[in-house]
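Encoded as C-alpha cells, the structure appears first; notes follow it.
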Amino acid sequence: MIELENVAYSYGGGELLSDISVRLQPGSFHFLTGPSGAGKTTLLKLCYGALLPTAGVLRLFETDLRGLDRDQVALMRRRIGVVHQDCRFLDHLPLADNVALPLMVSGREVAQEAANLAELLAWVGLTNRADARPPELSGGERQRAALARALIMSPDVILADEPTGNVDWEMSQRLLQLLVELNRMGKTVLIASHDLQLIRSAKTQVQARVLRISNRRLQLAGADL
Amino acid sequence: MWVAVKGWLASDGQADRVVPPTGFTANLTVFASAAMAFLAVFALALSLAAGRLADRWAEELARSATLRISAPAEQMATQTEAALRVLRQTPGVASARALSQEEQAALLAPWFGAELPLDQLPVPQLIEVIETAQGYDTAGLRLRLSAEVPGAVLDDHTRWRRPLVEAADSLRRLGLLSILLITGAMAAMITLAANAALAANGQVIEVLRLVGGQDRFIARAFVRRFTLRALIGGCVGMALGVLGMALLPQSADQGGFLTGLSFQGAGWLFPLAIPALGAAVAFAATRYAAGRVLKGLS
C-alpha cells in the first residue's frame, strides 16, 4: 500500500531522514515513535505525499510518486485518511461540512452521502455537535472530528499524527479503540505517537508493529514496546 | 472554449462554500467593476459620437463646394450668371445654385444679427455646388473660372475639412483607447484582488490540498466568485452609465457635438457588452492569478 525504499529527506541543507525503508501491508497496524523532533511528522507527510523524498523511492498503491504531478498526488491522497495533529479544520464551516470536506473536493454530492455522514458522526459520538464551528469544539471532539473526516472517503489507509496529543487519558483510550476497530475492519493504520503508555495499551488490543525513528533512521522497536 | 468557461462558472455550491466569504474585498471588487463599467459607457459613447461626427463631416463636406464671387455691384449678376453657366457645363457637378439674399443673410445672422441690410453692403455672392459621386476636376474648373469669371473663388472645403475629420477620427481612437485602458486597469485590479484573496486563504488552500483537493477545484471557487462580482458590478455601472447618457440633452443643431454625445439607435445596445467584457476579463485575470499562486504554494 505504502512503500518507502531507501528514502531520505533533506530540508535547508540538513538531512532529516535517512535510508528509510518500510512497507505498510494491507490490514497492518503500525506505531511510529521517537523523541520530539525525530521526524515522525515528516515521515507521515512522506507517506501521504505532502512531501516528496529527496532520495529513494516512495510508492503509494504501487505508484511511484516521482512521475506524478500535484493534482495526481491529490487524487492519490483521497485513498489515504489523515488525522493531523492540529486537526486542520476550516473554521468558517460547521463540523459536519468539515467532515464532509473530502467529499466536496472530490466532486461528490454531500447530500447523497448524508446517511454515511450521519452514521460516521454517530460512530465518533459527535451527532449533536454537527452544526458547531471548530473553535467551539473541545480537544477530544476535534480529534474525533478529524478521525471522522479521515474516514469519510472510506480510505484504505489511516495515518494519524499524535491523535491523542491534546486529550486526556480517557479520551485517548476512546480514540485508540476507534482506530483499533477500523483496523479490525481491514484498514491499514499507522499512528505517530510519543505516548509509550498508549502504545503499550494498544498492544494489548491489537497486533501492532512499533517503529522507532532514531538518529534519522527507522528501526523496529525493542521488546519493551 | 465556451464549454470550458461554462464548466468553470457552473454553480458549484460546494466549491463556493469552502472559501470563506470576504465581505470587504468583495464589495471593493464590485465597486471597482461598477466604476470601470460606468467609465467604459462614457468612453464608448464618446467613441461612437466621434465616429458619427467624422462620418457626417466627411460625407457632407466631401460632396459640396462653395463658389464665392466678389465683383463690383454692376458686374455681380453677370459674373454670377457666367459662373453658373460654367458650372452647369462642368462634368461632375450635379447642381449649382446661387444662394438667395435671405439665405446669405441667415448665414451672417449669427455675427451681424437678423436685421442686416444685405442689399446695401458689398457682400460677395455665394453659389452652392453639389458634386456627383465621381466628382469634378477641381484644377480644371479653377482654371476655367479664372478665365471666364475673374471674381470667382472656388472653395472645395478641403483646407478645413481634412483637419476636422482627422480631429474627429482622433477622438474616436481616443475613446477606443480609453476602453482598452479601462479593460487593462480592470484586469490589473482583479488580478491584485484575486492574488490578495488567494494569499489570505493560504491555510484554506493547504487544508483543501491535504484532503485531496485538486488545483482546478480550488481555483474554480475563486474564479467563479470574482467573475460574478465583476459581472454584478459591471451591470450596475453599465446601468448607471446608460442612465446618465439618457439624461444628457438631446442632439440639436444648436448644441453641436456636445449634445450629440448620447447613444443613437442600435448604439444603445452596445453598452450591454460591457458587463460581459468585464466578466470575461475577471475570469481570465483570476484564472491567471490562481494558476500562478497555486503553483507557488507547493
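Chain letters run A, B, ... following the sequence lines, proteins first, then strands; residues in each count from 1. Because only heavy atoms are used, hydrogens play no part in the values below, and waters and symmetry mates are left out as well, while side chains stay in.
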[atom1] of [X]: more than 12 outside heavy atoms within 6.0 angstrom?
X	atom1	value
Phe61(A)	CZ	yes
Phe42(B)	CZ	yes
Glu136(A)	CD	yes
Asp131(A)	CG	no
Gln203(B)	CD	no
Lys45(A)	NZ	no
His92(A)	NE2	yes

With only heavy atoms counted, which part of [X] is less than 4.5 Å from chain B, the side chain, the backbone, both or neither?
X	result
Val82(A)	neither
Arg149(A)	side chain
Asn98(A)	neither

Does [X] use its side chain to pair, donor to acceptor, with the backbone of [Y] at less than 3.5 Å?
X	Y	result
His84(A)	Leu210(B)	no
Arg88(A)	Leu208(B)	no
Asp71(A)	Asp215(B)	yes

Can you name the closest pair of heavy atoms from [X] and [Y] and give their distance?
X	Y	value
Val18(B)	Leu101(A)	CG1-CD1, 3.5 Å
Gly213(B)	Ala74(A)	O-CB, 3.7 Å
Val105(A)	Gly212(B)	CG2-C, 3.8 Å

Handout entry: From Gln214(B) atom CD to Arg77(A) atom CZ, the distance as rounded to the nearest 0.5 Å
Key = 11.0 Å
Problem - Atom pair CG (Asn201(B)) and CG (Leu90(A)), whose distance is rounded to the nearest 0.5 Å - result: 9.5 Å
Problem - Contact origin within Val204(B) toward chain A - heavy atom pairs under 4.5 Å - result: both
Problem - Engaged part of Ile218(B) at the chain A interface, taking heavy atoms whose separation is under 4.5 Å - result: neither
Handout entry: Option in Leu103(A), Val110(A), Ile152(A) with maximal non-hydrogen atom pairs under 4.5 Å from chain B
Key = Val110(A)
